[in-house]
Protein chains: 2
Amino acid sequence: MLPSQPNQALVDGLAVLQALAVSERPTGSREMGRMLGIEATRVNRLLRTLAHLGMARQTADRKYLPGPAMHVLSAQSLFGSGLVRSAMEPLARLNVYNLTVAMGVLWRDQVCYLYHATPGMSGADALGRVGLYPASRSGIGLSILASQTDEAIRDLYRGRPVDGFENVDALLVSLRETRERGWAYAMADEKTQTVSLGVAVGSPAYASVAFSGPITPEGTPLYVDTLQEAADAIERAATGGKDLANEPKRRRR
Amino acid sequence: MLPSQPNQALVDGLAVLQALAVSERPTGSREMGRMLGIEATRVNRLLRTLAHLGMARQTADRKYLPGPAMHVLSAQSLFGSGLVRSAMEPLARLNVYNLTVAMGVLWRDQVCYLYHATPGMSGADALGRVGLYPASRSGIGLSILASQTDEAIRDLYRGRPVDGFENVDALLVSLRETRERGWAYAMADEKTQTVSLGVAVGSPAYASVAFSGPITPEGTPLYVDTLQEAADAIERAATGGKDLANEPKRRRR
DNA sequence: GAAGCATGGTGCAATTATAGCACCAATTTG
DNA sequence: CAAATTGGTGCTATAATTGCACCATGCTTC
């Protein structure tokens, strides 16, 4: 996974881009440098490069904002790329159980929803209902986390609490069960007894589909089967029929 | 606009990222290198770096696809960032004239829609109806192009036809009028007499809002005023009250 | 199935682009 | 009006990148 010669400039540049994307207000180089732990001159040059590409633009006081090219990239990536496009149809077919249907990806220790349809909601409406949710409390999150190694999980949560679990070890136990079972179970809300069932898309997982609502143990097998079919359909459509290998064979000398 | 020390790695990396975003099927390093005119080894390392960041992922035959981090970035940028969020409310208020309401940004010589509401369509539905349209045939496109220099326009269209115009010079004449008038007029469809009126957001323009439909000369002033108000409102909300200067003063030694 | 070709990936040494200090010019704060 | 902070740039040591040559694998074509 780690490249032989990673391009640090690109790594930092994308970190700046991401920081820019989530910034609420115009941000200056030095401020962003402090946020990201990168030297200010470097940040300034990266920001200026991004501005030149249209990925950022500048206010009158020379601070930076996301630029038009960023919106183009986003729109193209989100709606033009395979995942969302090929997921729409399988996801729409899940809208038959009076449950919430969701698809999301993992971002750090959070789930980022790409599709989130409450019962009866149309597919078009379900797009763009974006939000972040702690991965450890979500069927989507747990099912994606389960495809990672214990070491990666420990790294991810090192130094911070695991929402919904006592500690990382408790999460790892749950992930081991998830791995064996092939699908994830999360109690999303104790009070309303809202349960979330997640099935990963792809292997290693890069996304996940889930039902959530007042799910009983009796209904679970049917729901899981349905989710699994949808996950397979999405994976097939998104990769153009070419499945991912479980572990792409590394080629080393 | 051109940085003193532009970061070429970031420029190429984002070119690769963009190419990846619009790729229909899994793409290999060499193929992408040929497409972008970048040496294959370099592309391979950029792709591997992107894969390490989760921006790309690999199929079993080691070709590359957009990765989960890309969808996160897109979702955050598109819905989390200022532009779309602050535009939703002003755009929804434009839905009173039985005309199509749109907002878009310029991408190369095309308009990329971020919002596209046919008469009566709800704001939520209007998001994500993304498509590309020749900039020279659209009120949005013309109004954004008008904020660029003649030289930039010539560069943009060098060696390719200008949709809807005889040649670049004819377009430049039209853009000069647009500049003086402060808003753009485009005959989007001769047969149905569909007209598109566009008003730029920001200065220099980074987006534009437009009405389109069977617009008569009598109605035009009212529509233009309404668009201008919306554009101002979006600009104010997106920049957090801090307006962009018409020309950010360059500071050179 | 051998031969040819194309592909993803890596090692290595030359070199080139970058890092960051010191500094400038604005702008804001006290 | 001084002090502090910020965006931005020049300059050079230096560290990161480039791209050739090459390997291993997979896919056609004989």
Side-chain angles (χ1 to χ4, degrees), chain A residues 1-16 19-20 23 25-52 56-65 67 241-245 247-253, chain B residues 1-16 19-20 23 25-52 56-65 67 241-245 247-253:
Chain A
M1 204 58 163
L2 292 120
S4 70
Q5 250 182 43
N7 192 310
Q8 195 58 43
L10 183 54
V11 174
D12 288 350
L14 286 175
V16 168
L20 202 65
S23 69
R25 51 196 177 69
T27 315
S29 338
R30 266 144 156 122
E31 184 183 352
M32 187 166 289
R34 276 188 301 265
M35 268 167 38
L36 301 173
I38 310 179
E39 206 271 341
T41 306
R42 192 167 158 67
V43 174
N44 185 279
R45 280 172 178 147
L46 290 171
L47 278 170
R48 287 186 73 72
T49 304
L50 290 174
H52 177 240
R57 62 198 179 89
Q58 286 186 278
T59 60
D61 56 352
R62 309 191 74 68
K63 296 195 181 302
Y64 294 87
L65 242 52
K242 300 205 168 190
D243 274 332
L244 284 179
E247 236 176 293
K249 320 133 197 168
R250 287 199 62 78
R251 280 188 275 188
R252 287 195 162 277
R253 294 204 182 176
Chain B
M1 206 57 164
L2 293 120
S4 69
Q5 245 182 51
N7 192 312
Q8 195 57 43
L10 183 54
V11 174
D12 288 350
L14 286 175
V16 168
L20 201 65
S23 68
R25 49 195 180 69
T27 314
S29 338
R30 266 145 155 121
E31 183 183 353
M32 188 165 289
R34 276 188 301 263
M35 268 167 36
L36 301 173
I38 311 180
E39 205 269 343
T41 307
R42 191 170 157 69
V43 174
N44 185 280
R45 280 173 178 145
L46 290 171
L47 278 170
R48 287 186 74 71
T49 304
L50 290 174
H52 175 241
R57 63 199 178 88
Q58 284 186 278
T59 60
D61 56 353
R62 309 191 73 69
K63 295 195 181 303
Y64 294 87
L65 242 51
K242 300 205 169 193
D243 274 332
L244 282 180
E247 234 176 294
K249 319 133 197 171
R250 287 198 62 77
R251 280 187 277 189
R252 287 195 162 278
R253 291 198 189 182

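First the proteins, then the strands, lettered A, B, ... as listed; each starts at 1.
- Mapping B:G28 and A:E39 onto DNA chain C via the closest heavy atom, the residue that lands nearer the 5' end is B:G28.
- Remark: B:M32 CE to B:N44 CG distance equals 11.0 Å, nearest 0.5 Å.
- Contact check, A:R48 against D:dG7: no side-chain N or O comes under 4.0 Å of OP1 or OP2.
- Straight-line distance from the CG atom of B:L65 to the P atom of C:dG8: 14 Å, rounded to whole Å.
- With distances taken from any side-chain atom of B:K63 to the nucleotides C:dC21, C:dT7, D:dC20, the minimum falls on C:dT7.
- Atom NZ of A:K63 and atom OG1 of A:T27 lie 8.0 Å apart (nearest 0.5 Å).
- Rounded to an integer number of Å, the gap from B:E31 CD to C:dA6 C1' is 12 Å.
- In this structure, B:R57 atom CZ and C:dG8 atom P are separated by 17 Å, rounded to whole Å.
- Nucleotide D:dG8 holds its P atom 15 Å from the NE2 atom of A:H52, rounded to whole Å.
- A:R34 pairs by the side-chain contact (heavy atoms from CB on, under 4.5 Å) definition with A:R30, A:E31, not counting sequence neighbours.
- Atom-to-atom, CG of A:L50 to C1' of D:dG7 comes out at 16 Å; the value is rounded to the nearest Å.
- Remark: A:T49 OG1 to B:L14 CG distance equals 9.5 Å, nearest 0.5 Å.
- The base of D:dG8 is not paired with the side chain of A:R62 by any donor and acceptor separated by under 3.5 Å.
- Applying the 3.5 Å distance criterion, the base of D:dG8 shares no donor-acceptor pair with the side chain of A:R45.
- Distances shown here put a side-chain N or O of A:N44 below 4.0 Å from the OP1 or OP2 atom of D:dG8.
- Interatomic distance, CG of A:L46 versus OH of A:Y64, reported as 10.5 Å (0.5 Å rounding).
- Close to D:dG8, at under 4.0 Å from its OP1 or OP2, lies a side-chain N or O of A:Y64.
- Within the 4.5 Å cutoff, the side chain of A:V16 has heavy atoms near those of the A:L47 side chain.
- When heavy atoms are screened at a 4.0 angstrom cut-off, A:T41 is found touching base atoms of the nucleic acid.
- Interatomic distance, CG of A:L10 versus CG of B:L50, reported as 5.0 Å (0.5 Å rounding).
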Distances for protein N or O near nucleotides 15-17 of chain D N or O, under 3.5 Å:
{"from": "D:dT17", "atom 1": "OP1", "to": "A:N7", "atom 2": "OD1", "distance (Å)": "3.2"}
{"from": "D:dT17", "atom 1": "OP1", "to": "A:Q8", "atom 2": "N", "distance (Å)": "3.2"}
{"from": "D:dT17", "atom 1": "OP2", "to": "A:P6", "atom 2": "O", "distance (Å)": "3.2"}

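- When the side-chain nitrogen and oxygen atoms of A:Q58 are compared with OP1 and OP2 of D:dT6, none of them lie within a distance under 4.0 Å.
- Atom P of nucleotide C:dG8 and atom CG of B:L47 are separated by 9 Å, given to the nearest angstrom.
- D:dT25 atom P lies 16 Å from atom CZ of B:R30, rounded to whole Å.
- Between the C1' atom of C:dA6 and the CE atom of B:M32 lies a distance of 17 Å, rounded to the nearest Å.
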